2 protein chains.
Amino acid sequence: MATPSIKEVAQHAGVSVGTVSNVLNRPSIVAPATRQRVLDTIRELGFVRNEAARHLRLGRGRTVGLVVFDVANPFFTDLAEGADEVAYEHDIVVMLCNSKTDPVREGHHLGQLEQQRVFGILITPYDSADPGLHALVARGTPVVLVDRTADGGGLCSVSVDDQVGGRLAGKHLIESGHRRIAFIGGPLGMQQVADRLAGITSTVEKAGDVELQTFEVAVMGVAHGREAGEKIAALPRRSRPTAAFCGNDLLALGFLQAMAAAGLQVPEDMAIVGYDDIGFAAAAAVPLSSVRQPAGQLGRTAMQLLQEEVEDAERHRHRQVIFQPDLVVRQSSDYTRSSR
Amino acid sequence: MATPSIKEVAQHAGVSVGTVSNVLNRPSIVAPATRQRVLDTIRELGFVRNEAARHLRLGRGRTVGLVVFDVANPFFTDLAEGADEVAYEHDIVVMLCNSKTDPVREGHHLGQLEQQRVFGILITPYDSADPGLHALVARGTPVVLVDRTADGGGLCSVSVDDQVGGRLAGKHLIESGHRRIAFIGGPLGMQQVADRLAGITSTVEKAGDVELQTFEVAVMGVAHGREAGEKIAALPRRSRPTAAFCGNDLLALGFLQAMAAAGLQVPEDMAIVGYDDIGFAAAAAVPLSSVRQPAGQLGRTAMQLLQEEVEDAERHRHRQVIFQPDLVVRQSSDYTRSSR
DNA sequence: GCGCTGGATTGAATCGTCTAAATCAGCGGT
DNA sequence: ACCGCTGATTTAGACGATTCAATCCAGCGC
């Protein structure tokens, strides 16, 4: 009934537990005949390795925790998929955790992962200076920051230059003639959001005659985008922004819905640029312009860095890998492609 | 440096390991003064419980594996979120695994989960009769089927009546006057797909004068939906279906894109009904009609069933919970709401 | 026939935690 | 002064796999 242990396999096959373990871990040093006999017994008995025991003895697990803001956001599932690819090659399993941009949930997950003595953690931290996170690192769990640059250099990180992203969006909108632009995103305390805002701000300031208005949201999801959109649509036409730069595509999608509901045309009455270029952006009611980030690559690279860090802890030097985003212009911000 | 063990905490606090363990697990039987001293030492030393050792000793883990077809499909992330909610209440952590409707990947994940001696597994199985899956169950890992009915009754399951879903879609399209309908989905070997098809087929047959054409796809993703759409758009107008029922919303979204690309109007030239009613369906270029499934509820219920099964293994009787889907009609299948 | 070599196998210790049984200290009752 | 009791604490195995030093043995050269 209960799964047999290595010991029962040994008895059944008439060898010692050491030999069974060797068959499992270094088959080459076991005599072929013995090896086969053990293998047969394993199959016969339906033996399944106990990872917990293995883990205890080895001191380190084969699981990597990936903590992200929002698993429902395709950007993060793409990222997760990239991480998974690399993990698979190294016989590592990925545990996806959803922090929902909530520091409490994030902390909870980190605690669980540390208790599990995971191989390492990839995380988009709510606050990269979180003392809890650094305590965890100090206690020995390897951590790689994802979609976030490690300021101090005390950690590896993989990110995309969000300021550049913000500038790309700003430049595009300004060049399209917009003079009143809204930024929708939040919480502003989040580095990613702050950087995107900083990016577009710098562009706006350079232009001189452009007004940028910030609308902070609590969570970057469709619902909040819609809410912000309703608020903005309700503004008097004269002072209402003519373009919106949304902190991510979910916000942008919600925002777009609000425009439709309010009877405002996109891009004529309101141009929209999102962020992440998730797959659904292109399929939206009005195909969405968006700042594209190489999500899969972020995930792959992060896992590789983690792998490197653990495999060769001595020689390892923390690295900050930074990718460049690019702007994908679609109908939501391009009059020339507009249907009417 | 290395995380301290319970033993070091004991030494430091001047008590035995047993007492430390008791502080952790049954604080009430420890004298308040001692308890406090141990607690202080724990904080001071930064002790973190080793879940692997605990797990080994207890024989069962606190992790539940959730194996789904496609983590990038919002239907499944909603489902996962529901499962997570309930898991959280029971101090259980959920491990999300992506099978990508690939039996090999699925098997790989099941193997990993079994090695980890997880608390249990929730799975949308590619083939619910898979011998590997049943062997795993026989060896003692509790499994609950999700979005899939357990035929034999040898397992708990939570599902939505897909035949009803298919009938709802069929009825709606036929009543809207369509006489040539396409079904896009696959692989047809998947029960969910087969049932949805069976549902619409039965409705079609009852109507008598309606023709149903099936287009099988390998994977239910946006790309395949687009592909199928292109193929159908290329058919001569006379024989081309006037409506499409897609196996899920991702397919439908892709299909919709293909219609736009081919210059066909939705719903005038082609009505579309999707499945799952994911959040993005409402935000699509043409808001998508869809058969809604209570994803979160599926996840919550599944986790509850698993919990019940493990907590009270003796008295437990396997149950099949079946929810009913309902149809959400939006513009993609409704002329009256069409903009033109 | 002896000792040696080297490949194959064994045995025991170990990882960190939990728990049942044993021990201990203190105290009230007789 | 002693017994027995209660409540607090300690002790001593497990749990299952890994690993390394120790052992075993067959074969070989001399």
Side-chain angles (χ1 to χ4, degrees), chain A residues 1-39 41-42 45-62 91 112 114-119 139-141, chain B residues 1-39 41-42 45-62 91 112 114-119 139-141:
Chain A
M1 213 69 356
T3 348
S5 78
I6 212 179
K7 196 186 290 180
E8 303 175 58
V9 173
Q11 278 179 353
H12 245 255
V15 297
S16 74
V17 295
T19 300
V20 177
S21 178
N22 282 333
V23 169
L24 258 23
N25 301 302
R26 306 111 94 178
S28 63
I29 74 162
V30 176
T34 316
R35 191 197 314 157
Q36 194 54 53
R37 187 151 38 92
V38 171
L39 252 20
T41 313
I42 285 180
L45 261 44
F47 165 79
V48 176
R49 243 195 183 124
N50 185 325
E51 174 66 21
R54 185 178 162 76
H55 177 169
L56 173 59
R57 180 66 233 261
L58 264 27
R60 190 205 292 155
R62 283 167 45 245
D91 193 27
Q112 295 290 340
E114 187 176 15
Q115 286 193 14
Q116 298 200 33
R117 299 290 191 279
V118 290
F119 184 86
R139 278 186 300 258
T141 303
Chain B
M1 214 69 354
T3 348
S5 78
I6 214 176
K7 197 186 290 180
E8 302 175 59
V9 173
Q11 276 179 355
H12 245 255
V15 298
S16 74
V17 296
T19 300
V20 178
S21 178
N22 281 334
V23 169
L24 260 22
N25 301 302
R26 306 113 93 181
S28 64
I29 74 163
V30 177
T34 318
R35 191 197 313 157
Q36 196 53 52
R37 187 150 38 94
V38 171
L39 251 21
T41 314
I42 285 180
L45 262 45
F47 165 79
V48 176
R49 245 199 181 118
N50 185 325
E51 174 66 21
R54 187 178 160 75
H55 179 170
L56 172 59
R57 179 64 232 259
L58 265 26
R60 188 206 292 156
R62 283 167 45 245
D91 194 26
Q112 295 290 341
E114 188 177 14
Q115 286 194 14
Q116 299 199 34
R117 299 290 192 279
V118 290
F119 184 85
R139 278 188 299 262
T141 303

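Within every chain, numbering begins at 1; the chains are lettered A, B, ... in the order of the sequence lines, protein sequences first and strands thereafter. Everything numeric in this text was worked out from a predicted model, so none of it was measured.
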Check the distance between [N]'s [atom2] and [X]'s [atom1] and give it to me in whole angstrom.
X         : N       : atom1 : atom2 : answer
Arg26(B)  : dA8(D)  : CZ    : P     : 13 Å
Ile29(A)  : dT10(C) : CD1   : P     : 12 Å
Ile6(A)   : dT14(C) : CD1   : C1'   : 15 Å
Asn22(A)  : dG7(C)  : CG    : P     : 15 Å
Asn25(B)  : dT19(C) : CG    : C1'   : 10 Å
Gln116(A) : dT17(C) : CD    : P     : 14 Å
Glu8(B)   : dG16(C) : CD    : P     : 8 Å
Gln115(A) : dG16(C) : CD    : P     : 15 Å

Short N-O contact, Arg117(A) and Glu51(B), less than 4.0 angstrom: no
Out of [options], which nucleotide sits closest to the side chain of [X]?
X        : options                   : answer
Leu24(A) : dT18(D), dC18(C), dG16(D) : dT18(D)
Arg54(B) : dT9(C), dT10(D), dT17(C)  : dT17(C)
Ser16(B) : dT10(D), dC15(C), dC18(C) : dT10(D)

For dC18(C), does OP1 or OP2 lie under 4.0 Å from any side-chain N or O of Arg49(B)? yes
Below the 4.0 Å mark, does dG16(D) have OP1 or OP2 next to a side-chain nitrogen or oxygen of Arg57(B)? no
How is [X] classified with respect to the nucleic acid when contacts are heavy atoms under 4.0 Å: base, sugar-phosphate, or nothing?
X        : answer
Ser5(A)  : sugar-phosphate
Thr19(B) : base
Gly59(A) : nothing
Val20(B) : nothing

Would you say [X] and [Y] make side-chain contact, with heavy atoms under 4.5 Å?
X        : Y        : answer
His55(A) : Asn50(A) : no
Val17(B) : Glu8(B)  : no
Leu24(A) : Arg54(A) : no
Val30(A) : Val38(A) : no

Tell me which of Arg117(B) and Val15(B) sits closer to the 5' end of DNA chain D, going by the nucleotide each one is nearest to. Val15(B)
Can you work out whether Ala53(B) or Thr34(B) has the more 5'-proximal nearest nucleotide on DNA chain D? Thr34(B)
By nearest-nucleotide position on DNA chain C, the 5'-leaning member of Ala31(A) and Val17(A) is Ala31(A)
